[in-house]
Amino acid sequence: MLRIYNSLSRAKETFLPIDPPRVRMYVCGMTVYDFCHLGHARVMVVFDIVQRWLRSSGYQLTYVRNITDIDDKIIRRAVENGESISALTQRFIDCMDEDALALGVQKPDNEPRATAYVDDMLIMIGQLEKRGLAYKAANGDVNYSVRRFPGYGKLSGKSLDELRAGERVGVDTTKQDPLDFVLWKSAKEGEPFWKSPWGNGRPGWHIECSAMGTRLLGEQFDIHGGGQDLQFPHHENEIAQAEGAMEAGQGKRFVNYWMHNGFVRVDDEKMSKSLGNFFTIREVLKQFDPEVVRFFIARAQYRSQLNYSDHHLRDARASLARLYTALKAADVSTAGSAGTPDWSEPHAIRFREAMDDDFNTSEAIAALFDLANELNKTRAPAQAAQLRALGGMLGLLGRAPDEYLQFVPAAQSAENLGLGREEINALVAARSAAKKARNFVESDRIRDQLAAAGIVLEDTRDGTTWRRA
RNA sequence: GGCGCGAUGGCCGAAUGGUUAGGCAGGGGACUGCAAAUCCCCGUAUGGGGGUUCGAUUCCCUCUCGCGCCUCCA
């Protein structure tokens, strides 16, 4: 039985879908005006793991992750670049897809772009206006009147009076209440706009997700995810919009389970674009195997904070090498053919219990290491297959071991003293010959030469293999 | 200022009212020509102070420290 920590109740709850075995999940995706950073990588990987686990648990999942392709920053960036908005957003959507692919993130079932759902947003704004929850301000913007929505603050645990609006933000005097947020922004000179009953303009950010979510998944759905920073105000506003737009008196819940992943941090500070301390995914992938990045994310509980540093990624790389080393010793033939785990086997039982406990990937991975330890002793192909299959549940261990163990990051390829695979193999063969002739001075010389190039040799009964240090 | 989260060994990171996962790093042994890998064995941890309890790292209170949200943010 799957249990999920629900941000709404701040407790783990048994997961009961609205319409089993169907499950509908929406995750807030990216605003596409720049490259994705590691914070984005975490959202994508975390919910990719959630997605995989729901499906492998037998649920028929519909997974939606949106793309925000119209907003202030996009407009500004396009102007700066002298580039059209659509060219800019398409360019970064392509980059995002590349990054996601590298990290082993499967495509969601639907990736709606905000600009394609403006009609739905307008309908929802109209419903809100009809129910007295929206009003047009003096500056032409249409705002949401938070004081008129009784449940406002239930997700973030904030009360309107506690929010003390204006403390950190200049108060917008056209709003009835400083906490009111914009649903429809009236068009400014030179900005893209859509026609609406309230005049030309474009949607506010929050309405996008409510409109796309309800349009694609229904008025109510099971899971809504995103980064912790979206809990307030974004998700709070989504609830206010979606529930506020429902038929009066329904009292239905927009979303039953809210999931928020913790931040990625750098030097104990949140990694974010506004702080400027972010590392883009592609930057990191010049230094590290993408599977290392995925493993780094997966080995921590998704709600915890995750500190990024080269040291931690190197630690993750060494750790994952242990699993691949075990696979290599036992079996290389099952690469890429991760099958279904044998769920009756003890490690799989432990793995499943861990995953069912709010996606406890740390504990699930611990089961993988215990299995690897046994595999190192037995070398049994069935255990190797089981290790691969369980790793596959997390999107890990899908490659041939040598592909991982001999991986050279782009940033290091130039520093490898010009040693290509053929030269390495030739040196390994030369060393083996010297070793066989018991010329250990020569064989050790070659081994030292390779070590200087970052290559470690391993002698086995079947011959010598190599890996990257 | 308001609200919330957190503090576990050298590092990372789970869990738990009684024996504290797993990984990295480290020490010893086996194996090896020597190594590497692997196997076996082994240190060091629950921030401070109260309380509840037979027993607290776990529950409660408090203090200290750190972080997050209260503006755009994954």
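Lettering follows sequence order; numbering is per chain, from 1. As the structure is a computational prediction, the values presented were derived from the model and not from experiment.
Across all strands shown, nothing is found opposite B/G43 as a Watson-Crick or G-U wobble partner with both distances under 3.5 Å. In this structure, B/U52 makes no Watson-Crick or G-U wobble pair, since no nucleotide meets both defining distances under 3.5 angstrom. Across all strands shown, B/C24 forms a Watson-Crick or G-U wobble pair, both distances under 3.5 Å, with B/G10. In this structure, B/G1 forms a base pair with B/C70, meeting either the Watson-Crick or the G-U wobble geometry with both donor-acceptor distances under 3.5 Å.
Within the 4.0 angstrom heavy-atom criterion, only backbone atoms of the sugar-phosphate kind lie near A/Gly157; the bases stay farther away. Residue A/Gln231 is out of contact with every strand shown, counting any heavy-atom pair closer than 4.0 Å. Residue A/Gln228 is classed as having no contact, given no heavy-atom separation below 4.0 Å to the nucleic acid. Counting any heavy atom pair closer than 4.0 Å across all strands shown, A/Gly262 reaches a base atom. If you check every strand for non-hydrogen atoms under 4.0 Å, A/Val46 touches nothing.
With RNA chain B read from its 5' end, the first of the two nearest nucleotides for A/Arg265 and A/Leu38 is the one closest to A/Arg265. Mapping A/Ala300 and A/Arg379 onto RNA chain B by nearest heavy atom places A/Ala300 at the nucleotide closer to the 5' end.
The CG atom of A/Leu230 sits 11 Å away from the C1' atom of B/C69 (whole-angstrom rounding). At whole-Å resolution of the value, CG in A/Asp177 and P in B/C70 are 17 Å apart. If you measure from atom CG of A/Asp48 to atom P of B/A74, you get 18 Å, rounded to the nearest angstrom. One can place CD1 of A/Ile49 at 20 Å from P of B/A74, the figure rounded to the nearest angstrom. For A/Asn307 and B/U8, the CG to P distance is 12 Å, given to the nearest whole Å. Atom NE2 in A/His234 sits roughly 13 Å away from atom P in B/C70 (whole-Å rounding). In this entry the distance linking CG of A/Leu313 with P of B/C12 reads 14 Å, nearest Å. What separates CD of A/Gln406 from P of B/A36 is a distance of 19 Å, to the nearest Å.
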Review point. For A/Glu98 and A/Arg282, what are the C-alpha separation, side-chain angles and deciding distance, and is it a salt bridge (charged side-chain N to carboxylate O under 4.0 Å, His left out)?
Key: CA-CA 9 Å; A/Glu98 278 175 26; A/Arg282 48 195 55 210; 3.2 Å; yes
Exercise for review: May I have the step-by-step check of salt bridge (charged side-chain N to carboxylate O under 4.0 Å, His left out) for A/Arg76 and A/Asp71, ending in yes or no?
Suggested key: CA-CA 9 Å; A/Arg76 197 193 319 143; A/Asp71 99 318; over 6 Å; no
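A distance of about 15 Å separates the C1' atoms of B/A35 and B/A30, rounded to the whole Å. B/G18 sits 22 Å from B/G22 when the C1' atoms are compared, rounded to a whole Å. Using atom C1' as the reference point in both B/U20 and B/U8, the two lie 9 Å apart (nearest Å). Across B/G17 and B/G29, the matching P atoms stand 40 Å from one another, rounded to whole Å. As rounded to the nearest Å, B/G1 and B/U57 have C1' atoms that lie 33 Å from one another. To the nearest whole angstrom, the two P atoms, one in B/U64 and one in B/U71, are 27 Å apart. Between B/G68 and B/G50, the distance separating the two C1' atoms is 29 Å to the nearest Å. Spacing between B/U62 and B/U52 at atom C1', rounded to whole Å, works out to 15 Å.
Residue A/Leu179 places its side chain closer to B/U71 than to any other of B/U71, B/A14, B/A74. For A/Pro233, the side-chain atoms get nearest to B/U71 when compared with the rest of B/U71, B/C11, B/A74. Which of B/A74, B/C39, B/A36 sits closest to the side chain of A/Asn376 comes down to B/C39. Of the candidates B/C67, B/A74, B/C70, B/A74 carries the atom nearest the A/His37 side chain, counting heavy atoms from C-beta on.
The backbone N or O of A/Phe263 lies less than 3.5 Å from a partner atom in the side chain of A/Arg42, making a donor-acceptor pair.
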Review point. What string of B, S and - do you get for nucleotides 16-34 of chain B 5' to 3' if you count protein non-hydrogen atoms under 4.0 Å?
Key: -----BSBB--------BB
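Listed pair A/Asn360 / B/A15 meets the phosphate criterion, a side-chain N or O lying under 4.0 Å from OP1 or OP2. At the phosphate of B/A74, neither OP1 nor OP2 sits under 4.0 Å from any side-chain N or O atom of A/Asn261. Distances shown here put a side-chain N or O of A/Ser304 below 4.0 Å from the OP1 or OP2 atom of B/A14.
For A/Ser319, the side chain to side chain donor-acceptor pair (under 3.5 Å) criterion is met by no residue, not counting sequence neighbours.
Near RNA chain B, meaning a heavy atom under 4.0 Å from it, residues 270-282 of chain A has A/Lys270, A/Met271, A/Ser272, A/Ser274 in order of number.
In this structure, CG on A/Asp267 lies 7.5 Å from CG on A/Asn307, to the nearest 0.5 angstrom.
Seen from the ring of A/Tyr5, A/Arg303 counts as a face-on cation partner, given the 6.0 Å and 45° thresholds. Annotation: cation-pi geometry satisfied between A/Lys158 and A/Phe232 (NZ/CZ under 6.0 angstrom from ring centroid, within 45° of ring axis). Because its NZ or CZ atom is not both nearer than 6.0 Å to the ring centre of A/Trp184 and within 45° of the ring axis, A/Arg202 does not count as a cation-pi partner of that residue.
At least one side-chain heavy atom of A/Cys209 sits under 4.5 Å from a side-chain heavy atom of A/Asn66. The shortest side-chain heavy-atom distance between A/Ser7 and A/His260 falls under the 4.5 Å cut-off. Residues A/Asp310 and A/Phe288 have side chains in contact (heavy-atom distance under 4.5 Å, counting atoms from C-beta outward).
Between A/Asp268 and A/Arg265 a salt bridge is recorded (basic side-chain N to carboxylate O distance below 4.0 Å).
Taking only distance into account, the side chain of A/Lys73 meets the base of B/C72 through a donor-acceptor pair shorter than 3.5 Å.
B/G23 takes the anti form, because its glycosidic angle lies more than 90° either side of 0.
The aromatic rings of A/His224 and A/Tyr26 sit tilted, their planes meeting at an angle between 30° and 60°.
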